[in-house]
Amino acid sequence: MKNASIIAEYDPFHNGHAWQIRQLHKLGAQTVTIALGGDFTQRGRPATFRKATRAKAALLAGADLVVELPIPFSCASARQFAAGGVFLLASLGFVDTLCFGAETANIDQLKQLSLLLSGEEFSQKLKQKLEQGISWPAARAAAAEEALPGAAKILAGPNNILALAYLEAIHQQNASLSPLPLLRQGAAHGASLPSGSFASASFLRSLLQQHTVDALAPYVPDYALQLYRDEDAQGLVSDEQAFSRSMLTVLRTLTPARAARLPGAGGEGLAQLLCRSAQKAGTADELYEGMKSKRYTHARLRRLALEGYLSLFAPLPQAPACLRILGASENGIELLRQAKKSAKLPVVFSLAEQARLGDAAAQQSAITAHAGALYALCMKKAQPADLDFRQKFIRVSR
(Lines give C-alpha, C1' and ligand atoms only; values in the text may rest on other atoms or scores of the structure.)
Protein backbone atom coordinates (compact mmCIF):
# COMPACT_ATOMS: atom_id res chain seq x y z
CA MET A 1 0.00 0.00 0.00
CA LYS A 2 1.37 3.37 -1.07
CA ASN A 3 -1.56 5.62 -1.96
CA ALA A 4 -4.66 4.78 0.08
CA SER A 5 -8.16 6.19 -0.23
CA ILE A 6 -11.49 6.51 1.59
CA ILE A 7 -15.01 7.21 0.33
CA ALA A 8 -16.85 9.27 2.95
CA GLU A 9 -19.48 11.82 3.87
CA TYR A 10 -17.92 13.09 7.11
CA ASP A 11 -21.30 14.34 8.28
CA PRO A 12 -19.73 15.55 10.51
CA PHE A 13 -16.03 14.67 10.67
CA HIS A 14 -15.28 13.12 14.07
CA ASN A 15 -12.68 11.22 16.10
CA GLY A 16 -13.45 7.91 14.40
CA HIS A 17 -12.72 9.42 11.00
CA ALA A 18 -9.46 10.91 12.25
CA TRP A 19 -8.49 7.51 13.70
CA GLN A 20 -9.03 5.83 10.31
CA ILE A 21 -6.73 8.28 8.52
CA ARG A 22 -4.04 7.90 11.22
CA GLN A 23 -4.36 4.13 11.01
CA LEU A 24 -3.75 4.16 7.27
CA HIS A 25 -0.52 6.09 7.77
CA LYS A 26 0.52 3.65 10.50
CA LEU A 27 -0.09 0.77 8.10
CA GLY A 28 2.27 2.31 5.58
CA ALA A 29 0.19 4.62 3.40
CA GLN A 30 2.29 7.53 2.15
CA THR A 31 -0.77 9.46 1.01
CA VAL A 32 -4.53 9.34 1.67
CA THR A 33 -7.10 10.55 -0.85
CA ILE A 34 -10.74 11.17 0.10
CA ALA A 35 -13.74 10.97 -2.23
CA LEU A 36 -16.10 13.25 -0.32
CA GLY A 37 -19.87 13.40 -0.67
CA GLY A 38 -21.38 16.70 -1.76
CA ASP A 39 -24.05 19.00 -0.33
CA PHE A 40 -26.66 16.26 0.21
CA THR A 41 -26.07 12.84 1.71
CA GLN A 42 -27.29 9.24 1.50
CA ARG A 43 -29.78 9.85 4.30
CA GLY A 44 -31.65 12.24 1.99
CA ARG A 45 -30.75 15.35 3.98
CA PRO A 46 -28.40 18.30 3.57
CA ALA A 47 -24.92 17.76 4.98
CA THR A 48 -24.52 19.37 8.39
CA PHE A 49 -21.50 21.40 7.28
CA ARG A 50 -20.36 22.58 3.87
CA LYS A 51 -18.17 20.24 1.84
CA ALA A 52 -15.36 22.80 2.09
CA THR A 53 -15.47 22.56 5.89
CA ARG A 54 -15.54 18.77 5.84
CA ALA A 55 -12.72 18.66 3.30
CA LYS A 56 -10.54 20.96 5.40
CA ALA A 57 -11.13 18.86 8.52
CA ALA A 58 -9.99 15.76 6.63
CA LEU A 59 -6.87 17.52 5.34
CA LEU A 60 -6.00 18.74 8.84
CA ALA A 61 -6.43 15.14 10.04
CA GLY A 62 -3.77 13.87 7.66
CA ALA A 63 -5.52 13.37 4.33
CA ASP A 64 -3.63 14.66 1.29
CA LEU A 65 -6.23 15.11 -1.42
CA VAL A 66 -10.02 15.56 -1.39
CA VAL A 67 -12.08 15.06 -4.54
CA GLU A 68 -15.84 15.65 -4.65
CA LEU A 69 -18.23 12.75 -5.14
CA PRO A 70 -20.89 14.62 -7.09
CA ILE A 71 -24.63 14.60 -6.79
CA PRO A 72 -26.49 12.43 -7.67
CA PHE A 73 -23.97 9.75 -6.56
CA SER A 74 -23.50 11.27 -3.09
CA CYS A 75 -27.19 10.90 -2.24
CA ALA A 76 -27.89 7.61 -4.02
CA SER A 77 -28.22 4.04 -2.80
CA ALA A 78 -25.22 2.23 -1.32
CA ARG A 79 -24.51 0.52 -4.65
CA GLN A 80 -24.57 3.75 -6.67
CA PHE A 81 -22.69 5.70 -3.98
CA ALA A 82 -19.96 3.05 -3.99
CA ALA A 83 -19.82 2.79 -7.78
CA GLY A 84 -19.34 6.54 -8.16
CA GLY A 85 -16.66 6.70 -5.47
CA VAL A 86 -14.71 3.72 -6.79
CA PHE A 87 -14.82 5.13 -10.33
CA LEU A 88 -13.50 8.50 -9.17
CA LEU A 89 -10.63 7.06 -7.15
CA ALA A 90 -9.62 4.55 -9.81
CA SER A 91 -9.71 7.34 -12.41
CA LEU A 92 -6.98 9.25 -10.59
CA GLY A 93 -4.53 6.62 -11.74
CA PHE A 94 -2.34 6.46 -8.64
CA VAL A 95 -4.62 5.22 -5.83
CA ASP A 96 -3.88 1.57 -5.00
CA THR A 97 -6.00 0.88 -1.88
CA LEU A 98 -9.58 1.55 -0.80
CA CYS A 99 -10.05 1.52 2.96
CA PHE A 100 -13.47 1.31 4.61
CA GLY A 101 -14.86 0.72 8.07
CA ALA A 102 -16.84 -2.46 8.67
CA GLU A 103 -18.39 -4.44 11.47
CA THR A 104 -16.80 -7.51 9.84
CA ALA A 105 -13.14 -7.01 8.98
CA ASN A 106 -12.65 -10.47 7.41
CA ILE A 107 -12.07 -9.59 3.76
CA ASP A 108 -12.53 -13.19 2.56
CA GLN A 109 -15.99 -13.41 4.12
CA LEU A 110 -16.95 -10.05 2.64
CA LYS A 111 -15.70 -11.00 -0.84
CA GLN A 112 -17.55 -14.32 -0.73
CA LEU A 113 -20.80 -12.63 0.20
CA SER A 114 -20.30 -9.85 -2.35
CA LEU A 115 -19.93 -12.38 -5.17
CA LEU A 116 -23.02 -14.23 -3.96
CA LEU A 117 -25.16 -11.09 -3.92
CA SER A 118 -24.20 -10.15 -7.47
CA GLY A 119 -25.02 -13.59 -8.92
CA GLU A 120 -28.06 -14.45 -11.05
CA GLU A 121 -29.02 -17.40 -8.83
CA PHE A 122 -29.25 -15.08 -5.83
CA SER A 123 -31.38 -12.61 -7.80
CA GLN A 124 -33.93 -15.35 -8.38
CA LYS A 125 -33.97 -16.29 -4.68
CA LEU A 126 -34.38 -12.65 -3.73
CA LYS A 127 -37.30 -12.27 -6.13
CA GLN A 128 -39.01 -15.26 -4.54
CA LYS A 129 -38.60 -13.78 -1.07
CA LEU A 130 -39.97 -10.40 -2.18
CA GLU A 131 -43.05 -12.11 -3.62
CA GLN A 132 -43.81 -13.23 -0.06
CA GLY A 133 -44.48 -9.60 0.82
CA ILE A 134 -41.52 -8.96 3.11
CA SER A 135 -39.31 -5.87 2.92
CA TRP A 136 -36.29 -5.77 0.60
CA PRO A 137 -33.66 -5.82 3.41
CA ALA A 138 -35.38 -8.76 5.12
CA ALA A 139 -35.76 -10.61 1.83
CA ARG A 140 -32.11 -10.07 0.96
CA ALA A 141 -30.93 -11.26 4.37
CA ALA A 142 -33.14 -14.37 4.26
CA ALA A 143 -32.08 -15.31 0.74
CA ALA A 144 -28.41 -14.77 1.53
CA GLU A 145 -28.60 -16.79 4.75
CA GLU A 146 -30.04 -19.78 2.90
CA ALA A 147 -27.17 -19.72 0.44
CA LEU A 148 -24.41 -18.78 2.89
CA PRO A 149 -24.95 -19.38 6.62
CA GLY A 150 -23.84 -16.33 8.61
CA ALA A 151 -24.63 -13.92 5.78
CA ALA A 152 -27.63 -12.39 7.58
CA LYS A 153 -25.43 -11.32 10.49
CA ILE A 154 -23.00 -9.62 8.12
CA LEU A 155 -25.85 -7.86 6.32
CA ALA A 156 -27.14 -6.54 9.66
CA GLY A 157 -24.10 -4.22 9.88
CA PRO A 158 -24.68 -0.85 8.16
CA ASN A 159 -20.98 -0.42 7.42
CA ASN A 160 -20.86 -3.95 6.05
CA ILE A 161 -23.57 -3.00 3.53
CA LEU A 162 -21.32 -0.28 2.14
CA ALA A 163 -18.29 -2.57 2.30
CA LEU A 164 -20.09 -5.11 0.12
CA ALA A 165 -21.07 -2.36 -2.30
CA TYR A 166 -17.44 -1.24 -2.56
CA LEU A 167 -16.31 -4.79 -3.29
CA GLU A 168 -19.00 -5.17 -5.94
CA ALA A 169 -17.97 -1.90 -7.60
CA ILE A 170 -14.28 -2.84 -7.59
CA HIS A 171 -15.13 -6.20 -9.18
CA GLN A 172 -17.54 -4.86 -11.79
CA GLN A 173 -15.26 -1.99 -12.81
CA ASN A 174 -12.13 -4.15 -12.67
CA ALA A 175 -10.65 -1.29 -10.66
CA SER A 176 -7.03 -1.50 -9.54
CA LEU A 177 -7.94 -0.92 -5.89
CA SER A 178 -7.07 -3.36 -3.12
CA PRO A 179 -9.87 -3.42 -0.52
CA LEU A 180 -8.81 -2.86 3.09
CA PRO A 181 -11.54 -3.22 5.74
CA LEU A 182 -10.85 -1.80 9.20
CA LEU A 183 -12.94 -2.88 12.16
CA ARG A 184 -15.14 0.06 13.15
CA GLN A 185 -13.95 1.65 16.39
CA GLY A 186 -16.12 2.74 19.32
CA ALA A 187 -19.79 3.50 18.86
CA ALA A 188 -21.63 1.59 16.16
CA HIS A 189 -23.15 3.30 13.15
CA GLY A 190 -26.35 5.01 14.31
CA ALA A 191 -25.65 4.26 17.97
CA SER A 192 -27.69 6.34 20.38
CA LEU A 193 -24.84 6.59 22.88
CA PRO A 194 -21.10 7.26 22.42
CA SER A 195 -18.32 4.92 23.42
CA GLY A 196 -15.64 6.96 25.15
CA SER A 197 -14.46 9.66 22.75
CA PHE A 198 -16.02 7.85 19.77
CA ALA A 199 -19.56 8.73 18.73
CA SER A 200 -21.52 7.96 15.59
CA ALA A 201 -22.24 10.73 13.12
CA SER A 202 -25.98 10.30 13.66
CA PHE A 203 -25.51 10.80 17.41
CA LEU A 204 -23.53 13.99 16.75
CA ARG A 205 -26.17 15.32 14.37
CA SER A 206 -28.81 14.69 17.01
CA LEU A 207 -26.62 16.41 19.61
CA LEU A 208 -26.36 19.48 17.38
CA GLN A 209 -30.13 19.74 17.08
CA GLN A 210 -30.44 19.99 20.86
CA HIS A 211 -27.30 21.88 21.89
CA THR A 212 -24.62 24.23 20.62
CA VAL A 213 -21.62 23.22 18.52
CA ASP A 214 -19.51 23.00 21.69
CA ALA A 215 -21.44 19.88 22.70
CA LEU A 216 -19.42 18.05 20.03
CA ALA A 217 -16.13 18.78 21.83
CA PRO A 218 -15.57 15.33 23.40
CA TYR A 219 -16.11 13.53 20.10
CA VAL A 220 -14.37 15.61 17.42
CA PRO A 221 -10.73 16.75 16.99
CA ASP A 222 -9.92 20.25 18.25
CA TYR A 223 -9.21 21.55 14.74
CA ALA A 224 -12.58 20.28 13.52
CA LEU A 225 -14.38 21.84 16.48
CA GLN A 226 -12.84 25.21 15.67
CA LEU A 227 -13.98 24.90 12.06
CA TYR A 228 -17.49 24.09 13.26
CA ARG A 229 -17.50 27.07 15.63
CA ASP A 230 -16.46 29.38 12.80
CA GLU A 231 -19.17 28.02 10.51
CA ASP A 232 -21.81 28.28 13.22
CA ALA A 233 -20.88 31.90 13.92
CA GLN A 234 -21.69 32.69 10.27
CA GLY A 235 -24.91 30.68 10.23
CA LEU A 236 -23.32 28.12 7.90
CA VAL A 237 -24.79 25.04 9.56
CA SER A 238 -27.72 23.19 8.02
CA ASP A 239 -31.02 23.79 9.76
CA GLU A 240 -33.80 21.19 9.89
CA GLN A 241 -36.63 23.72 9.77
CA ALA A 242 -35.10 25.60 6.85
CA PHE A 243 -34.58 22.34 4.95
CA SER A 244 -38.15 21.18 5.59
CA ARG A 245 -39.65 24.44 4.40
CA SER A 246 -37.47 24.58 1.29
CA MET A 247 -38.08 20.96 0.31
CA LEU A 248 -41.83 21.04 0.85
CA THR A 249 -42.09 24.27 -1.16
CA VAL A 250 -40.60 22.46 -4.16
CA LEU A 251 -42.44 19.17 -3.66
CA ARG A 252 -45.85 20.84 -3.39
CA THR A 253 -45.40 22.12 -6.95
CA LEU A 254 -44.58 18.62 -8.22
CA THR A 255 -47.31 16.79 -10.13
CA PRO A 256 -47.68 12.99 -10.04
CA ALA A 257 -46.90 12.88 -13.77
CA ARG A 258 -43.57 14.65 -13.28
CA ALA A 259 -42.81 12.73 -10.09
CA ALA A 260 -43.23 9.48 -12.04
CA ARG A 261 -40.14 10.46 -14.05
CA LEU A 262 -37.94 10.35 -10.96
CA PRO A 263 -35.51 7.40 -11.04
CA GLY A 264 -36.63 6.21 -7.61
CA ALA A 265 -40.37 6.28 -8.41
CA GLY A 266 -40.21 2.94 -10.17
CA GLY A 267 -43.75 3.06 -11.54
CA GLU A 268 -45.08 1.54 -8.31
CA GLY A 269 -47.41 4.26 -7.09
CA LEU A 270 -44.61 6.06 -5.26
CA ALA A 271 -45.01 9.21 -7.34
CA GLN A 272 -48.61 9.66 -6.17
CA LEU A 273 -47.61 8.82 -2.61
CA LEU A 274 -44.87 11.46 -2.64
CA CYS A 275 -47.10 14.20 -4.03
CA ARG A 276 -50.00 13.37 -1.72
CA SER A 277 -47.77 13.35 1.36
CA ALA A 278 -46.13 16.65 0.38
CA GLN A 279 -49.51 18.38 0.35
CA LYS A 280 -50.21 17.33 3.94
CA ALA A 281 -46.81 17.40 5.65
CA GLY A 282 -45.46 20.35 7.58
CA THR A 283 -41.93 19.01 8.03
CA ALA A 284 -39.58 16.59 6.29
CA ASP A 285 -40.16 14.02 9.03
CA GLU A 286 -43.92 14.29 8.60
CA LEU A 287 -43.43 13.79 4.86
CA TYR A 288 -41.49 10.57 5.43
CA GLU A 289 -44.04 9.40 8.01
CA GLY A 290 -46.83 9.95 5.50
CA MET A 291 -44.98 7.86 2.91
CA LYS A 292 -44.15 5.01 5.27
CA SER A 293 -44.83 1.56 3.91
CA LYS A 294 -43.90 -2.02 4.81
CA ARG A 295 -42.85 -2.55 1.22
CA TYR A 296 -40.30 0.28 0.94
CA THR A 297 -37.38 1.13 3.18
CA HIS A 298 -37.27 4.49 4.89
CA ALA A 299 -33.98 5.19 3.09
CA ARG A 300 -35.56 4.69 -0.33
CA LEU A 301 -38.44 7.03 0.49
CA ARG A 302 -36.07 9.73 1.74
CA ARG A 303 -33.99 9.45 -1.42
CA LEU A 304 -37.11 9.68 -3.59
CA ALA A 305 -38.15 12.87 -1.80
CA LEU A 306 -34.67 14.28 -2.31
CA GLU A 307 -34.75 13.40 -6.02
CA GLY A 308 -37.96 15.40 -6.32
CA TYR A 309 -36.51 18.31 -4.35
CA LEU A 310 -33.34 18.43 -6.46
CA SER A 311 -35.23 17.81 -9.73
CA LEU A 312 -33.15 14.73 -10.56
CA PHE A 313 -35.45 13.56 -13.34
CA ALA A 314 -32.74 12.25 -15.66
CA PRO A 315 -31.48 8.69 -15.12
CA LEU A 316 -28.40 8.41 -12.93
CA PRO A 317 -25.24 8.93 -15.02
CA GLN A 318 -23.14 5.84 -15.55
CA ALA A 319 -20.15 7.53 -13.93
CA PRO A 320 -18.83 10.94 -12.82
CA ALA A 321 -17.65 13.04 -15.76
CA CYS A 322 -14.65 14.72 -14.16
CA LEU A 323 -12.54 15.03 -11.01
CA ARG A 324 -13.32 18.18 -9.07
CA ILE A 325 -10.57 18.73 -6.52
CA LEU A 326 -11.73 20.44 -3.32
CA GLY A 327 -8.40 20.69 -1.53
CA ALA A 328 -4.94 19.27 -0.92
CA SER A 329 -1.99 19.18 1.46
CA GLU A 330 1.58 19.80 0.30
CA ASN A 331 1.85 16.09 -0.53
CA GLY A 332 -1.47 16.39 -2.29
CA ILE A 333 -0.10 19.06 -4.59
CA GLU A 334 2.46 16.51 -5.76
CA LEU A 335 -0.36 14.03 -6.28
CA LEU A 336 -2.15 16.56 -8.46
CA ARG A 337 0.92 16.89 -10.65
CA GLN A 338 0.89 13.13 -10.99
CA ALA A 339 -2.84 13.11 -11.69
CA LYS A 340 -2.40 15.43 -14.66
CA LYS A 341 -0.39 12.64 -16.27
CA SER A 342 -2.27 9.57 -15.04
CA ALA A 343 -5.92 10.62 -14.55
CA LYS A 344 -8.50 9.09 -16.88
CA LEU A 345 -10.88 12.01 -16.29
CA PRO A 346 -10.35 15.78 -16.62
CA VAL A 347 -9.16 17.42 -13.39
CA VAL A 348 -10.94 20.66 -12.43
CA PHE A 349 -11.01 22.98 -9.45
CA SER A 350 -14.32 24.85 -9.86
CA LEU A 351 -17.85 24.44 -11.17
CA ALA A 352 -17.28 27.13 -13.79
CA GLU A 353 -14.24 25.27 -15.12
CA GLN A 354 -16.20 22.02 -15.10
CA ALA A 355 -19.07 23.53 -17.09
CA ARG A 356 -16.71 24.25 -20.00
CA LEU A 357 -15.52 20.66 -20.43
CA GLY A 358 -18.32 19.25 -22.57
CA ASP A 359 -21.88 17.99 -22.36
CA ALA A 360 -21.49 15.33 -19.64
CA ALA A 361 -19.35 17.51 -17.39
CA ALA A 362 -21.59 20.52 -18.01
CA GLN A 363 -24.65 18.50 -17.00
CA GLN A 364 -22.87 17.35 -13.83
CA SER A 365 -21.91 20.96 -13.10
CA ALA A 366 -25.50 22.12 -13.60
CA ILE A 367 -26.84 19.45 -11.23
CA THR A 368 -24.24 20.38 -8.62
CA ALA A 369 -24.99 24.08 -9.00
CA HIS A 370 -28.74 23.56 -8.68
CA ALA A 371 -28.28 21.42 -5.57
CA GLY A 372 -25.88 24.01 -4.17
CA ALA A 373 -28.40 26.80 -4.67
CA LEU A 374 -30.98 24.83 -2.68
CA TYR A 375 -28.42 23.82 -0.06
CA ALA A 376 -27.73 27.51 0.49
CA LEU A 377 -31.36 27.89 1.60
CA CYS A 378 -30.99 25.06 4.13
CA MET A 379 -28.54 26.99 6.30
CA LYS A 380 -29.34 28.67 9.60
CA LYS A 381 -28.64 31.87 7.67
CA ALA A 382 -29.74 31.60 4.03
CA GLN A 383 -26.87 32.13 1.60
CA PRO A 384 -26.65 33.36 -2.01
CA ALA A 385 -27.34 30.77 -4.70
CA ASP A 386 -23.78 30.94 -6.03
CA LEU A 387 -22.18 29.83 -2.75
CA ASP A 388 -20.57 26.79 -4.42
CA PHE A 389 -19.23 28.84 -7.34
CA ARG A 390 -17.38 31.08 -4.90
CA GLN A 391 -15.70 28.19 -3.11
CA LYS A 392 -11.90 28.43 -3.34
CA PHE A 393 -9.40 25.59 -3.51
CA ILE A 394 -8.34 24.56 0.03
CA ARG A 395 -4.60 24.22 0.62
CA VAL A 396 -3.42 22.97 3.99
CA SER A 397 0.15 22.94 5.31
CA ARG A 398 0.85 20.59 8.17
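The residues of the chain are indexed from 1 along the displayed sequence. Excluded from the calculations below are hydrogen atoms, water molecules and symmetry mates; all remaining heavy atoms, backbone and side chain alike, are included.
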Considering all heavy atoms of both residues, which atom of Ala151 and which atom of Leu113 are nearest to each other, and what is their separation?
CB-CD1, 3.8 Å
Give a yes or no on whether the ring-centroid distance for Phe81 and Phe73 is below 6.0 angstrom.
no
When every non-hydrogen atom of Pro384 is compared with those of Arg390, the smallest separation belongs to CG-NH2, 3.6 Å
Taking only residues two or more places apart in sequence or in another chain, which ones pass salt bridge (charged side-chain N to carboxylate O under 4.0 Å, His left out) with Arg45?
Glu240, Asp285
Going by chain and number, the hydrophobic cluster around Val348 (ILVMFWY, side chain to side chain under 4.5 Å) further includes Leu357
Counting heavy atoms not belonging to Arg252, are there more than 12 under 6.0 Å from its CZ?
yes
If you look at every heavy atom in Leu251 and Gln279, which pair is closest and at what distance?
O-NE2, 4.5 Å
Looking at Phe313, is Arg261 sitting on its ring face, NZ or CZ under 6.0 Å from the six-membered ring centre and within 45 degrees of the normal?
yes
Please determine whether the number of non-hydrogen atoms from other residues, nucleotides or ligands lying under 6.0 Å from atom CD of Glu131 exceeds 12.
yes
Please list, chain by chain and in numerical order, all residues satisfying salt bridge (charged side-chain N to carboxylate O under 4.0 Å, His left out) with Arg140, sequence neighbours excluded.
none
Under the criterion salt bridge (Lys or Arg N to Asp or Glu O under 4.0 Å), I'd like the reasoning laid out for Arg395 against Glu330: C-alpha separation, chi angles, the key distance, then a yes or no.
CA-CA 8 Å; Arg395 186 165 181 168; Glu330 296 301 322; 3.3 Å; yes
Rounded to the nearest 0.5 Å, the CZ atom of Phe40 sits from the SG atom of Cys75 at a distance of 8.0 Å
Please, which pairs that meet salt bridge (charged side-chain N to carboxylate O under 4.0 Å, His left out) have at least one residue in residues 3-26, sequence neighbours excluded?
Asp11-Arg43, Asp11-Arg205
Give me the ring orientation class for His17 and His14: parallel if the planes are under 30° apart, tilted from 30 to 60°, perpendicular past 60°.
parallel
Take atom NE2 in His171; do more than 12 heavy atoms of anything else shown fall under 6.0 Å from it?
no
Less than 6.0 angstrom separating the ring centers of Tyr228 and Phe49, yes or no?
yes
Ring pair (Phe, Tyr, Trp, His ring centres under 6.0 Å) with Phe122: which residues, sequence neighbours excluded?
none
Given salt bridge (Lys or Arg N to Asp or Glu O under 4.0 Å), test Lys125 with Glu146 step by step and report yes or no.
CA-CA 9 Å; Lys125 287 187 177 182; Glu146 288 182 7; 5.1 Å; no
Are more than 12 heavy atoms, taken from residues, nucleotides or ligands other than Gln226, located less than 6.0 Å from that residue's CD atom?
yes
Which ILVMFWY residues can you reach from Leu351 by hopping between side chains whose heavy atoms are under 4.5 Å apart?
Phe389
With a 6.0 Å cut-off (strictly less than), is the heavy-atom count around CG of Asp214, excluding the residue itself, greater than 12?
yes
